[in-house]
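Structure first, then comments.
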Amino acid sequence: PSYDGLYTGFNVLQIFSAYYQGKNKLHALIKKGSDILVCALADSNKIDLTSTNITSKVYTNTFYFGNPGTDKKMIYAELWVKDILGSVDINVYWRPDGYEYWLLLGSAAIKGSTSGAKQKRDRIRFTPQTNQYDNKNKVLNWALGFQFCIEWSGSMTLSKFSVEADSFP
């Protein structure tokens, strides 16, 4: 497995994967006072200490769709998710190449089973508003490329993310 991201709370010295109880799991070397601890992520950790769903984010690289020198129009983005347990709230943000602010592409609320089998949802589609303009009167969904941030609160696995765009006419 590969782990990347930001963690706040403990003084984490190193993140690594190792086998524990027959499974390849996330581990961390944590400094607590003068002690160094080896900690493994438990399978049951789905909520924080206040019983609130944990929020996760994934940032993509900029999608240039094989042609970085040509403007494209973003048509839509789609998510495939699996391993859903309980309620999951998803927000997808986007920004055109070179634009500093994130724009909300769309939101979805998923109600999965809390006691049964894990569930999945395919092709959750998010479409940008038509003709969004920046302060220089440039249409935002026309750009050389697009970057995305996928944020969710709850227990799920992001299995696929796809974006459809057309070349500038």
Please tabulate, for side-chain N and O atoms in residues 82-89, each donor-acceptor pair with protein atoms closer than 3.5 Å (sequence neighbours left out).
{"unit_1": "D83", "atom_1": "OD2", "unit_2": "T157", "atom_2": "OG1", "d": "3.0"}

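- Residue Q129 qualifies as open at atom CD: its count of foreign heavy atoms under 6.0 Å is 12 or below.
- Linking ILVMFWY side-chain heavy atoms closer than 4.5 Å, directly or via other members, places F126 and W142 in two distinct hydrophobic clusters.
- When all heavy atoms of Y64 and G145 are compared, the pair lying nearest together is CD2-CA, 3.9 Å.
- When all heavy atoms of Y99 and D134 are compared, the pair lying nearest together is CE1-CB, 3.7 Å.
- A28 and V12 get closest at one heavy-atom pair: CB-CG1, 4.3 Å.
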**Q.** Test log, rule side chain to side chain contact (heavy atoms under 4.5 Å, CB included), inputs W152 and L158
**A.** CA-CA 9 Å; W152 68 92; L158 176 63; 4.3 Å; yes
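- Using the six-membered ring where Trp is involved, F161 and F148 have ring planes that are perpendicular, over 60° apart on the 30 and 60° scheme.
- Nearest approach of Q119 to G112, heavy atoms of both residues: OE1-CA, 3.4 Å.
- Side-chain atoms of K72 never come within 3.5 Å of backbone atoms of D166 as a donor-acceptor pair (strictly under, hydrogens ignored).
- Two residues are said to be in side-chain contact when any heavy atoms from C-beta on lie closer than 4.5 Å; F16 and V38 meet this criterion.
- Shortest non-hydrogen contact noted between W80 and E78 is CH2-OE1, 3.3 Å.
- Between S17 atom OG and H27 atom NE2 the span is 9.0 Å, to the nearest 0.5 Å.
- Placement of L79 and V58 within a single hydrophobic cluster is found when ILVMFWY residues are connected by side-chain heavy-atom separations under 4.5 Å, directly or transitively.
- Taking CZ from F146 and CG from N141, the interatomic distance works out to 6.5 Å, rounded to the nearest 0.5 Å.
- One distance of note links CG of D97 with CD of Q147; it measures 8.5 Å at 0.5 Å rounding.
- Rounding to the nearest 0.5 Å places CZ of R123 at 6.0 Å from OH of Y76.
- The OG1 atom of T70 sits 8.0 Å away from atom CG of L144, with the distance rounded to the nearest 0.5 Å.
- When all heavy atoms of W94 and P128 are compared, the closest pair comes out as CZ2-CB, 4.2 Å.
- The same ILVMFWY cluster, assembled from side-chain heavy atoms under 4.5 Å apart, contains both L26 and I30.
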Taking distance alone, no hydrogens or angles, what donor-acceptor pairs closer than 3.5 Å link side-chain atoms of residues 100-111 to residues at least two apart or in another chain?
{"unit_1": "S107", "atom_1": "OG", "unit_2": "N91", "atom_2": "OD1", "d": "2.5"}

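- The NZ atom of K31 sits 11.5 Å away from atom CG of L37, with the distance rounded to the nearest 0.5 Å.
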